[in-house]
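The first residue in the sequence is number 1, and the count goes up from there. Quick caveat, the model's predicted, so the values are computed rather than measured.
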Amino acid sequence: MALKVENLEGNELADDYIRKTVPQGRWADAWDLFKSNFLKFVILNLVVFVTFVPGVAVMFIRTNVYIASLGLTGPFNPSLTYPFNPSTVGLSESITLSADLLFFSLLIVAGFIASIGISGAAYSIKRMLNTHGECTVKGFFHGIRVCYLSTVLPVTIFMLFMFSTVIIGDWMNLTIVTGGNKAAAITAYVFVIIATVLVGLFSGWLFAVGTGYKVKFTQLFKNTFVLFVGTPLQTVFMAAFTLIPVWLFIIGGIVRTISYVLFVFLGFSFMLLSWTAYTQWVFDLYVTPNLKPSAEVSKAPKTEKQLAQERAEEQKRTAMELLAAGRSELIARPIMPVAAEPAVRIPVLTFTRADVSAAADDRAKLAADVAAYERAHINDPVYAEYNKLFAERERALQSDSGKKGKKSKKISADNLLK
């Protein structure tokens, strides 16, 4: 099916970076990015996990505090016996329903907080994919600013359907236990599950389009629908692959313990990287990417930090050139004065082997005298100060203005000889 997406070309959301070409294909580049920037993905995952803490706390309180405490009161208390123990038919299901109405409503609110971390991490990972690894703290917060609304919208839509699924499932259990219309309850539960799955896939594309391009609200939903309907098999497969950490959690046992560790250190980053790489691949197929040639990249506006770094590098190069051009062997090392008489006897037009040998001996003696003179005068102030000056400059330039935490004199072309 030919996809007709509109108003995406030229509207890519890339405010603080310039997209570069992918040298080895989208998937190979994503895998290489994951291997070479593993620590960055762990840090991003930890930040996202912090924003999920309110949601985790809501579910923990629901299961281990609220519902568990009710098991020790009223008719569930094993110390109460007949006639104080009334019928408990449907009571457990009613309690679960009321608890889920409260806590899954709070979970929707927690989604607003989780969207903060998701939006920043999603933009950072998209930037890393499109620039081969560029990731900054400033870029993370920029991603929150420009992508938060595009993230909280699909998250809220999905959480509303998830809330409906849980509540209808609780109502179904209550209906079955109390002898109500089972067929209607089961049918409603099946339909809401199907709707939640479809809405979840749609929300994934809504999230990808919203965090990838600047489009109007109506165009956002239209393009999302086109991409969702146009890539059904690919979307289902990649959604299943993206949710590997969730499947590990559902399996239970020791695998669930592994999934806990995975979620804390890598789960969210893995899911965002997998889904972003897939959606960017689809965008590359149907939307002309806004790539910049090398000449335009070099002329693009740069941040103050980039300009300062370029100025420092230019100053260093200039200083090194002056240093290389300024250091002279005529000044750096003592040179023995020229004697009044020639130090080496020059053979005449007719000479013998003895004359050649004598000239060679004179040259060897001259070399020894020059070396001896240099050793004798190398510590003279004029030579010592000159060599000390350039030795200090060389060390300063090679250490690139010192290590972190140490302040050293900044060497430039202006103060090289000061």
Atom pair CE (Met59) and CG (Leu106), whose distance is rounded to the nearest 0.5 Å: 10.5 Å
Glu93 backbone acceptor or donor facing Asp170 side chain under 3.5 Å: no
Trp247 (side chain) donor-acceptor with Ala240 (main chain) under 3.5 angstrom: yes
Test side-chain contact (heavy atoms from CB on, under 4.5 Å) applied to Thr218 and Lys222, step by step: CA-CA 6 Å; Thr218 55; Lys222 181 178 179 181; over 6 Å; no
N/O donor-acceptor pair under 3.5 Å between Thr235 side chain and Pro232 backbone: no
Under 3.5 Å donor-acceptor, Asp32 side chain and Ala28 backbone: no
Check: Phe249 ring centroid to Tyr260 ring centroid under 6.0 Å: yes
Nearest heavy-atom neighbours spanning Ala122 and Leu272: N-CD1, 4.1 Å
Enclosure of Lys216 NZ (heavy-atom neighbours >12, cutoff 6.0 Å): no
Side chains of Phe158 and Thr196 in contact at under 4.5 Å (non-hydrogen atoms): yes
Under 3.5 Å donor-acceptor, Thr276 side chain and Leu273 backbone: no
Intermediate values then yes/no, side-chain contact (heavy atoms from CB on, under 4.5 Å), Met271 and Leu243: CA-CA 7 Å; Met271 290 190 288; Leu243 294 175; 4.0 Å; yes
Phe163 side chain reached by Leu101 side chain, heavy atoms, under 4.5 Å: yes
Whether over 12 other heavy atoms sit under 6.0 Å from Lys40 NZ: yes
Any side-chain heavy-atom pair of Phe38 and Leu266 under 4.5 Å: yes
From CG (Asp100) to CD1 (Ile167), nearest 0.5 Å: 5.0 Å
Parallel, tilted or perpendicular: rings of Phe263 and Phe268 (30°, 60°): tilted
Main-chain N/O of Val5 paired with Asn223 side-chain donor or acceptor, under 3.5 Å: no
Reported CG-to-OG distance for the pair Asn37 and Ser269, which is rounded to 0.5 angstrom: 11.5 Å
Nearest non-hydrogen partners of Leu206 and Thr224, listed with the distance: N-CG2, 3.3 Å
Verdict with reasoning, Phe270 to Phe265, per side-chain contact (heavy atoms from CB on, under 4.5 Å): CA-CA 10 Å; Phe270 172 82; Phe265 292 101; over 6 Å; no
Donor-acceptor pair, side chain of Asp16 and main chain of Gly139, under 3.5 angstrom: no
Any side-chain heavy-atom pair of Phe41 and Ile125 under 4.5 Å: yes
Separation between NZ of Lys214 and CD of Glu12, rounded to the nearest 0.5 Å: 9.5 Å
Aromatic contact, Phe283 with Tyr213 (centres under 6.0 Å): yes
Ring centres under 6.0 angstrom apart (Phe221, Phe225): no
CD1-OG distance between Ile254 and Ser259, expressed to the nearest 0.5 angstrom: 10.0 Å
Minimal non-hydrogen separation, Thr279 against Ala208, with atom names: CG2-CB, 3.5 Å
Near-ring test Phe112/Tyr148, centroid separation under 6.0 angstrom: no
Student check: side-chain heavy atoms of Ser94 and Leu174 closer than 4.5 Å: yes
Verdict with reasoning, His142 to Tyr17, per side-chain contact (heavy atoms from CB on, under 4.5 Å): CA-CA 11 Å; His142 178 74; Tyr17 69 89; over 6 Å; no
Side-chain donor-acceptor pair present, Asn173, Tyr189, cut-off under 3.5 Å: no
Residue pair Phe141 / Val137, side-chain heavy-atom distance below 4.5 Å: yes
Ring-ring centroid check Tyr278 Trp275, cutoff 6.0 Å: yes
Where Thr96 and Arg62 come nearest, the two heavy atoms and their spacing: CG2-NH2, 4.0 Å
Pairwise side-chain contact, Arg127 with Thr136, heavy-atom cut-off 4.5 Å (strictly under): yes
Rounded distance (nearest 0.5 Å) linking atom CG of Leu201 with atom CH2 of Trp205: 11.0 Å
Any Ile157 side-chain heavy atom under 4.5 Å of Val199 side chain: yes
Nearest heavy atoms of Thr151 and Ser119, plus distance in Å: OG1-CB, 3.4 Å
Leu13 to Gly210 - nearest heavy-atom pair and separation: CD2-O, 4.3 Å
